[in-house]
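Below is one structure; the comments refer to it alone.
Chain identifiers are assigned alphabetically (A, B, ...) following the order of the sequence lines, protein sequences preceding nucleic acid strands; residue numbering begins at 1 within each chain.
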2 protein chains.
Amino acid sequence: MQEETTTLANKVCELILKDIVTGAIGQGQKLNEPELARIHGISRGPLREAMGRLEAMRLITRVPNVGARVVQLSYDVLLEIYQIRESLEGLAARLAAETMTGEEKLSLRALLTSHHKHLLDTQGQSYFQQEGDVDFHYRIIHGSKNQRLIDMLAGDLYQLVRMYRYQFSWSSNRPQQALKEHDQICSAIEESDGELAEWLMKRHINNARNNILASMNHQKHPNLEKYHE
Amino acid sequence: MQEETTTLANKVCELILKDIVTGAIGQGQKLNEPELARIHGISRGPLREAMGRLEAMRLITRVPNVGARVVQLSYDVLLEIYQIRESLEGLAARLAAETMTGEEKLSLRALLTSHHKHLLDTQGQSYFQQEGDVDFHYRIIHGSKNQRLIDMLAGDLYQLVRMYRYQFSWSSNRPQQALKEHDQICSAIEESDGELAEWLMKRHINNARNNILASMNHQKHPNLEKYHE
DNA sequence: TATCCTAAAAGTGTTGACAATATGACATGC
DNA sequence: GCATGTCATATTGTCAACACTTTTAGGATA
């Protein structure tokens, strides 16, 4: 059994990451180094390293000699991210269709089946659906076998996507439609039809993007009250 | 005049970045913290921050309690990167065609004109051509106005691309063809034809990728002698 | 000679203190 | 009243020393 050798900076980074994603540390909030260090019971050295990684993920922004703040979420940035997701996950879907093993494909199908069951049970609901969606996309991303692509999507970009999910609390208001689209993508992958998988994935994400655009007009700036601490 | 307020970690990060990209610090080489700190006349604190950023760019890899090494370049990873570039720069070209200002378009055309002149003067040569190519793609990337996309491409991915250019010392052996493709892309952008610009850019990068594939068969593992220090 | 063990050396992770910079309150002049 | 300058405070940037882990070198044993 390989005991995960890790470092203080690593552990604290994950803790703060979770707090930022879930909103325990709100958007735009200042990160005070001595305070954060005291809270987590470490010194400022490792804490600053952790903050460096959060900055690299673009969850916080730092200004020299001034300090770090959690990013401000906005519809504009969210749309930017979905443009990128459309391109990159389209690519991932194509590669996945071309390189996924039979075992991986079976596992992906099993995941969809369980989603389908849960959707029937719960009348299409929220938290599971959200994380389930993340799971599905994760599988395909990793199925691409392109390590750089995996790092970009699953490592960095998805933390932001999850942050939006939590804090804009938009539960894909079309779960059955999304599941159907997942099903189509899965089928294309099963048939090793890379071109189709890519096209379906891009349309799937573009649909989600249009969904965001539509909700922008109804409900402007959902979390505006959380501007500053 | 705005004096750029910066930090030691920033400056040293750029210095080491240059050394890694150009090969002054070779592939796979170990980065010794006390030694590097002494060389740059700083303490290990800021140095470790700088190394954290290089790790985020994936120019070095770190193992807890063991240390950091410069990444090993390989054709496989290079091909992975070109797959990603094809997707993302295709997107960038489309967005650039849709959003670039008239001024930006004129400037882009001027850049190409100067490239054309230099190509005639020098019979299609190397260093300028390489950095010129980088310039052209930079312009389009920034023209996309998608900040996240800009950061991903220009901030991180291109450092690796430059590193490969230096160390595999492959000077696009088809400069006139590349320039022609640049010209086509530029025209599409000038006409605000996003769809065409995207398609041309993807084909352009795919051509470069095929070029790499071809040279793989002739010249295997160009810098293999630089394995370890 | 090869293998294992042990101890010294080197290197990384972490800490607390110091230096440099920014923030905010207050006073002063217009 | 408003802008500007000054000072105290808080916060960030940097450093040097300490603690722990890994690596290396040497010798003992088979």
To the nearest Å, how far apart are [X] [atom1] and [N] [atom2]?
X      : N       : atom1 : atom2 : answer
L47(B) : dA16(D) : CG    : P     : 14 Å
R44(B) : dG11(C) : CZ    : P     : 10 Å
L31(B) : dG11(C) : CG    : P     : 13 Å
R48(B) : dA17(D) : CZ    : P     : 18 Å
E49(B) : dT12(D) : CD    : P     : 12 Å
E35(B) : dG11(C) : CD    : C1'   : 12 Å
E33(B) : dA10(C) : CD    : C1'   : 12 Å
N10(A) : dT14(C) : CG    : P     : 9 Å

How do G41(A) and A68(B) order along DNA chain C: which one's closest nucleotide is nearer the 5' end?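 This one resolves to A68(B).
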Select from V66(A) and L8(A) the residue whose nearest nucleotide in DNA chain C is closer to the 5' end of that strand. L8(A)
For G45(A), report the nucleic acid contact type (base, sugar-phosphate, nothing); a contact means any heavy atom under 4.0 Å. base
Any base atoms under 4.0 Å from P46(B), or only sugar-phosphate, or nothing? Heavy atoms, all strands. sugar-phosphate
Below 4.0 angstrom, N of the basic side chain to O of the carboxylate: do E49(A) and R53(A) qualify? yes
Can you tell me if K11(B) touches the phosphate of dG13(D), counting only side-chain N or O atoms and a distance under 4.0 Å to OP1 or OP2?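 Answer is no, no contact under 4.0 Å.
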OP1 or OP2 of dT12(C) under 4.0 Å from side-chain N/O of T7(A):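 Checking T7(A) against dT12(C): no side-chain N or O falls below 4.0 Å of OP1 or OP2.
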Side-chain H-bond candidate by donor/acceptor type, Q147(A) with D151(A), under 3.5 Å: yes
L8(A) side chain reached by K11(A) side chain, heavy atoms, under 4.5 Å: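 Side-chain contact under 4.5 Å: yes.
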Contact check, side chains of M163(B) and V70(B), non-hydrogen atoms, under 4.5 Å: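 They are in side-chain contact.
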If I take atom CZ from residue R69(B) and atom CD1 from residue I60(B), how far apart are they, to the nearest 0.5 angstrom?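 Going from the CZ atom of R69(B) to the CD1 atom of I60(B) covers 11.5 Å.
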From the list dT14(C), dG13(C), dT12(D), which nucleotide is the closest neighbour of the side chain of N32(A)?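 The listed nucleotide nearest to N32(A)'s side chain is dT12(D).
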